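All remarks here apply to the structure that follows.
If you read the sequence from its start, that first residue is 1, and numbering goes on from there. Computed from a predicted model, the values in this text were never measured in an experiment.
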Amino acid sequence: MTTRGPVVLVGPPGSGKSTVGPLLAELLGVAYADADADLEAETGRRIADIFATDGEPAFRAIEEEVVAAGLGRYSGVYALGGGAPLSEITRTRLSEHTVVFLYVGMAEGVQRTGLSTARPLLAGVNPRATYKELLDKRLPVYRSVATIEVDTTGRAPRDVAAAIAERLSGLAEESRREGAEESFAE
């Protein structure tokens, strides 16, 4: 897909990374991989169990290593867990990749995530308040690493994947034009 490894999907829980990712990979004719699935396969444990037993800092340390390996190993579409870009080391690594931020509005994000026990940071008494707090904290981080931002609110996953593919095609065309202009300037 790119000479710099995979196209990376980031966004909050419920933004559609795990749903849109395989559809985008299919459209682009590349492989799809998911950092959360890699993490669970590597540790032999569910993410919620790692959070409950070892705590978030231990989970984030494992996640950082899994993401680093995935960024080096994959060349298609790679979906990261919602909190992965919080790591400064991961953000630095992402600067070498095309990063697509899947935005979702709070109401729809809460609706999509529900009260899933697979999402330990959203568990609690008031998932809506927790989700808002998460968005407030993470939106600037997602935007800081993003090459492209696509709003998924109210959109079908296939439409989101098609919009991303179109934007990626535009980036590739722009890059080719810039390369041609540089060769003429030499």
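Between the side chain of E42 and the main chain of V66, no donor-acceptor pair closer than 3.5 Å is present. No donor-acceptor pair under 3.5 Å is formed between the side chain of S169 and the backbone N or O of A165. Panel note: side chain T90, backbone P85; no donor-acceptor pair is recorded below 3.5 Å. Side chain of Y142 to main chain of G82: a donor-acceptor pair is present (N/O by atom type, distance under 3.5 Å, no hydrogens or angles). Of the possible polar contacts, none joining the T53 side chain to the I50 backbone as a donor-acceptor pair under 3.5 Å is found. Between the side chain of T98 and the backbone N or O of V7, no donor-acceptor pair lies under 3.5 Å.
Across all their heavy atoms, K17 and G11 have their closest contact at NZ-O, 2.8 Å. The heavy-atom pair separating P12 from V104 by the smallest distance is CG-CG1, 3.9 Å. Residue G81 comes nearest to A35 through the heavy atom pair N-CB, 4.4 Å, listed as atom of the first residue, atom of the second, then distance. Taking every heavy atom of both residues into account, G83 and R138 meet most closely at N-NH1, 3.4 Å.
By the side chain to side chain contact (heavy atoms under 4.5 Å, CB included) test, D34 pairs with S18, Y32, D36, A37, A79, sequence neighbours left out.
A salt bridge (charged side-chain N to carboxylate O under 4.0 Å, His left out) check over residues 66-93, counting only residues at least two apart or in different chains, returns nothing.
Ion pairing between a basic and an acidic side chain is recognised when a charged N comes within 4.0 Å of a carboxylate O; E149 and R143 show such pairing. Between D136 and K132, at least one side-chain nitrogen of the basic residue sits less than 4.0 Å from a carboxylate oxygen of the acidic one, meeting the salt-bridge criterion.
Under the 30°/60° scheme for interplanar angles, the aromatic rings of Y74 and Y78 are found to be tilted.
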Next on the checklist: If you apply the rule side chain to side chain donor-acceptor pair (under 3.5 Å), what do you find for S87 with E64, and how did you get there?
Outcome noted: CA-CA 7 Å; S87 159; E64 197 173 85; 2.5 Å; yes
